[in-house]
Every structure is written in structure tokens, then in C-alpha cells.
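Right, one structure below, let's go through it.
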Amino acid sequence: MTSPDSETPSASAYREAMAQLASAVHLVTTDGPGGRAGLTATSVCSVSDGPPTLLVCLNRGSSAYPAFLRNGVLCINTLTAAHEGLAADFAGRVPRDERFNGREWGILQTGAPVLPDALVAFDCRIVDRHEVGTHDVLICEVEALAEIRDIDGLLYAGRHYRVLPRRTAPEAS
Ligand SMILES: NC(=O)C1=CN([C@@H]2O[C@H](COP(=O)(O)OP(=O)(O)OC[C@H]3O[C@@H](n4cnc5c(N)ncnc54)[C@H](O)[C@@H]3O)[C@@H](O)[C@H]2O)C=CC1
Ligand SMILES: Cc1cc2nc3c(=O)[nH]c(=O)nc-3n(C[C@H](O)[C@H](O)[C@H](O)COP(=O)(O)O)c2cc1C
């Protein structure tokens, strides 16, 4: 057990600890007067179901950050097993202006880009923002939901992408 007066862990120790957690992987996208932009994110969490609200933690240093701030809307597109390459593209492998090339994107209520084959998509308006360290915690009210797809999900754990099977076959008795 760590004693209460022990030193604060380093950033690298914290990241190593966080790398042990498994997370769903999302493309967080936006569009509007600030332009179209998006990035890969795992820091997404449900806050409340009344009104339906979730939070996203966004690094203020990311190329997409100014667009999110200006547009005030975003869509959280939860990725499937088929989207590992897309996750790498939106995490910096492809420059911001080229990330949306080569596929069709939809919209729901807010105009933020919706990935048509996402596991699910949460179309949101940003209703509050808190600066915490390097990131902004964006509080987002859900205005529309995309259809839920019955396919394998994508997880990020131990610094690798992994497949989350949709259903396991029942054990034979
Ligand atoms: N929440 C975030 O901002 C995250 C950022 N990343 C970025 O992707 C790069 C590659 O990440 P990994 O291969 O997983 O190795 P890593 O050792 O940099 O990160 C391990 C874990 O620490 C956390 N983490 C990393 N950077 C963070 C940050 N700036 N703020 C808050 N939490 C952070 C995440 O849970 C991540 O999975 C990182 O260097 C980082 O820039 C990755 C995951 C989450
Ligand atoms: C698996 C994974 C999860 C990430 N999660 C987040 C996140 O929750 N919030 C965030 O601001 N950045 C996150 N990032 C980092 C952004 O995807 C990345 O910094 C950004 O897209 C870098 O490119 P840019 O600055 O050119 O946009 C994550 C990266 C990876 C690989």
C-alpha cells in the first residue's frame, strides 16, 4: 500500500499504470465554422442518463482542439474490429486535413461527421468545459444516437489494439 505522504508518481509511471486498463476506442469528430476535424480517443465516459451526458478529455495541444472549441459540437464514433487502421490514422498517422478522405461520412443532428459503420455513435453538443492539466474535460449532451451494430468491438489495452468479440458461444453442458 502506498503511504499518504509518498511522492506524486511521475507522468511515465502514471502512463504505465494506465496502460494496464482496457478501453473502448472512439473517433471524436467535429464540423462547423471551425472546420472539420477529428482524433482517436479513449478518454470517454458516461456521466448521466438524465439528460444523456458523457465526457471526453481532449488534449489542448492536439491539432483538432481549436475546431472542437469553435464548433461546440462533436460526435463520438465507437470503433469496431474493422477499424484498427482508422484508429491509427486519426491518432496522427495521417495529417488532420486528410483524415476524412476515402470514405463516406454521415451526419445526425449536430452536423458532426458520423462513421456509418461505427459500433454506435453519440452525436453531442458541448455544454460545459473544464481545464484539467494538459486536457479539457468536455461535458457533452447527447442529441442523437446512431443505430447499434451487432459486430465485434475494438479495445485498446497494453498499448495494443485488440478485438472484443460481440458474443461468445454458449458452453456445451
Ligand atoms: N488521454 C490521452 O490523451 C491519450 C493519449 N494518448 C497518446 O497516444 C500516444 C501513445 O500512447 P500509448 O502507446 O498508449 O503509450 P503511453 O505510454 O504514452 O500511454 C499509456 C496510457 O497512458 C494514458 N495516457 C497517455 N498519454 C496521456 C496523456 N497525454 N494524457 C492522459 N493520459 C495519457 C493512456 O491511458 C494511455 O493508454 C501517447 O504518447 C499519447 O500522446 C494515448 C492514450 C490516451
Ligand atoms: C489509443 C489512443 C487513445 C487516445 N486517446 C486520446 C484521448 O482520449 N484524448 C486525446 O486528447 N488524445 C488521445 N489520443 C491522442 C490523439 O489521438 C492524438 O494525439 C492526436 O490525434 C495527434 O494528432 P494531431 O495533434 O495531429 O491531431 C489517443 C491516441 C491513441 C493512440
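Throughout, residue positions are numbered sequentially from 1 according to the sequence presented. Ligands are counted one by one from 1 in listed order, and the atoms in each one are counted from 1 as well.
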Checklist entry - Closest approach of R149 and P116, non-hydrogen atoms and distance? => result NH2-O, 2.9 Å

Next on the checklist: With side chain to side chain contact (heavy atoms under 4.5 Å, CB included) as the criterion, how do D31 and W105 come out once you've worked through the C-alpha distance, each side chain's angles and the decisive distance to 0.1 Å?
Outcome noted: CA-CA 12 Å; D31 204 352; W105 295 82; over 6 Å; no

Checklist entry - Can you find an N/O atom of R159 closer than 3.5 Å to an N/O atom of ligand 1? => result yes

Checklist entry - Atoms of ligand 1 less than 4.0 Å from T42 heavy atoms? => result 44 (C)

Checklist entry - Which atoms from ligand 1 have a heavy atom of H135 less than 4.0 Å away? => result 1 (N), 2 (C), 3 (O), 28 (C), 29 (N), 30 (N)

Checklist entry - Could E141 and R125 be called an ion pair, given the rule that one side-chain N must be under 4.0 Å from one carboxylate O? => result no

Checklist entry - Is there a side-chain hydrogen bond (donor to acceptor under 3.5 Å, both in side chains) between H83 and N77 once you walk through the steps? => result CA-CA 11 Å; H83 293 136; N77 300 274; over 6 Å; no

Checklist entry - Can we say R129 and D136 salt-bridge, meaning some charged N sits less than 4.0 Å from an Asp/Glu carboxylate O? => result yes

Item to check | R93/E98 ion pair, N-O < 4.0 Å | outcome: no

Next on the checklist: Going by the rule side chain to side chain donor-acceptor pair (under 3.5 Å), which residues pair with S62 if we only count those two or more places apart in sequence or in a different chain?
Outcome noted: none

Item to check | N or O pair under 3.5 Å between N59 and ligand 1 | outcome: no

Item to check | Selected option - heavy-atom contact closest to atom 35 (O) of ligand 1, from E16, R15, M18 | outcome: M18

Checklist entry - What about Y14: any of its N or O atoms under 3.5 Å from an N or O on ligand 1? => result no

Checklist outcome for this item: Counting only non-hydrogen atoms and a 4.0 Å cut-off, the residues near ligand 2 are L39, T40, A41, T42, S43, C57, L58, N59, S62, S63, F90, A91, G92, R99, H135, Y156, Y161

